[in-house]
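Computed from heavy atoms alone, side chains included, the values below leave out hydrogens, waters and symmetry copies. One-based numbering, in listed order, for ligands and for the atoms of each.
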Amino acid sequence: MSVIPPYLLPDNAAIAADGRLSIGGCDVLELAAEYGTPLFIYDEHHLRARCREAVAAFGDGVAYATKAFLCTAMAQLAHEEGMQLDVATGGELHVALHAGVPGDRLVMHGNNKSEAELRMALEASVGRIVVDSFDEFDRIEALVAAGLPAPTVLIRVNPGVDAHTHEYLQTGVPDSKFGFGVGDGAADRAVDRAHESHAMHLAGIHAHIGSQVFVVDSFVKAVGALAPLVTRIRADEFSIGGGLGVPYVEGESAPTITEWADAVKRACAGAGIQSRILAEPGRAIVARAAITAYRVGTIKPIDGVRTYVSVDGGMSDNPRPVLYGSGYEAFLPRSVGAERPNRVRIVGKHCESGDVIVQDARVPADLTVGDVLATPVTGAYGHTMGSNYNMVLRPPVVFARTGSARLVVRRETFSDLVARDVAEME
Ligand code: LLP
């Protein structure tokens, strides 16, 4: 019978006297009417506040992991608020540069950067390249020999620690495609190679243990595992990567960015690490900043089984439940404080049974067809992992602040769906 907990809503969410939700001073039902559904609604000041918190906590050099949510406006916002940007592909690099972010504010990631991507990164004089394989060393050396500027690099090291999170979201265990292992000596060989190479300047060590990690202890373990290497080479910089978790459903809690930074810095100091400590949060910056507004199209009670509530989006705007079994809450923006006594399964409009948004959602008793229904904490890895499955149009994104909303990504159109098709037309 609980109501939606406020700690799952954006900072600037407010409930009007009639029970309706506003975000950034904008009425959610009005936004849904104006821009249509599904719709991603971000609280712009929430995004800015989290960026500023990250910069205050870690200092200059902290990067926003753009894979969590990226569009031109988001790249500009993170840059304006003093964050660097972590990009992991040529595509992410392109969007960041398109947004006007200077190359030296970018950190280039990726376990399989192509020669073309490395060329782009070097031509843009990115601030750091995080080297992930010996093949990548070969490619950078060849490009520099061909006349491109020598980059400053970090070596991605796999600390071999087990973070408490979903198997697909772990990256720091020994059996991983990411980084050079400390256990098998690869990290030492990578550091030697970077030191000897004339094609790069080694700034330090990078590690990322996984994502949606709630337990600060997992980061502390990684620091412990890497301290011998980081101190031995007197690394100027040590990045702990991203990965700080956020609560998605009632009852979950996670450390703040500030608490995370304090714990990491304390662990580093305790382990004798004197390097500049860097980090690259994604989810913790953007996840709770947004809700997704859907419209309910059908309600199908199956006697003795359950009720299916279908909305006008689904796995194409939020694949996380299907991919990771992730949980979400649901509520009605028209009556945010309503008790939610009924249990239903909220599903999308895609042609498969796995297309679930909330397995076992609590909803108000008067939920009806035509209602706008919202899921909170959808600001990370929803829009960026969206698809066109079933040729469903990708939703627009609005940023709301102090009573006005701006469209930062428009809804996809049917013409967009055939824009890349090459075919003879009669
Ligand atoms: N740095 C590196 C090198 C990463 O690989 C990642 C995430 C981050 C930073 C940012 O991690 P965050 O702070 O956002 O946890 N699609 C999954 C998450 C995959 C994360 C991949 N790498 C999800 O929806 O939960």
Side chain, backbone, both or neither: which part of [X] comes within less than 4.0 Å of ligand 1 when only heavy atoms are counted?
| X | result |
| --- | --- |
| F178 | neither |
| D86 | side chain |
| A65 | side chain |
| R320 | side chain |

For this session: Compare H208, H109, R156, H206 and give the one whose heavy atom is closest to atom 6 (C) of ligand 1.
Result: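 Residue with the shortest heavy-atom distance to the ligand atom: H208.
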
When you check the gap from the basic side-chain N to the acidic O, do [X] and [Y] get nearer than 4.0 Å?
| X | Y | value |
| --- | --- | --- |
| K349 | D312 | no |
| R50 | E81 | no |
| R128 | D86 | no |

Exercise. Among Y381, Y324, F214, Y328, which residue meets the ring-ring contact (aromatic ring centres under 6.0 Å, His included) test with Y248?
Worked result: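 Of the listed residues Y381, Y324, F214, Y328, the ring-ring contact (aromatic ring centres under 6.0 Å, His included) partner of Y248 is Y328.
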
Problem set entry | ligand 1 contact by A284, heavy-atom criterion under 4.0 angstrom |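 For ligand 1, residue contact (heavy atoms, under 4.0 Å) with A284 is absent.
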
For this session: Tell me, please, which residues at least two apart from Y35 pass ring pair (Phe, Tyr, Trp, His ring centres under 6.0 Å).
Result: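 Here no residue qualifies.
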
Need the ligand 1 atom indices (1-based, order shown) with element for anything under 4.0 Å from a heavy-atom of [X].
| X | result |
| --- | --- |
| G282 | 12 (P), 13 (O), 14 (O) |
| R283 | 12 (P), 13 (O), 14 (O), 18 (C), 23 (C), 25 (O) |
| G242 | 1 (N), 9 (C), 13 (O) |
| Y324 | 16 (N), 17 (C), 23 (C), 24 (O), 25 (O) |

Problem set entry | Proximity of Y42 and F69 rings by center, below 6.0 Å |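 That pair passes the under 6.0 Å test.
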
For this session: Give yes or no for whether the N/O distance cutoff of 3.5 Å, strictly under, is met between A68 and ligand 1.
Result: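 In fact, backbone or side chain, A68 has no N or O that close.
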
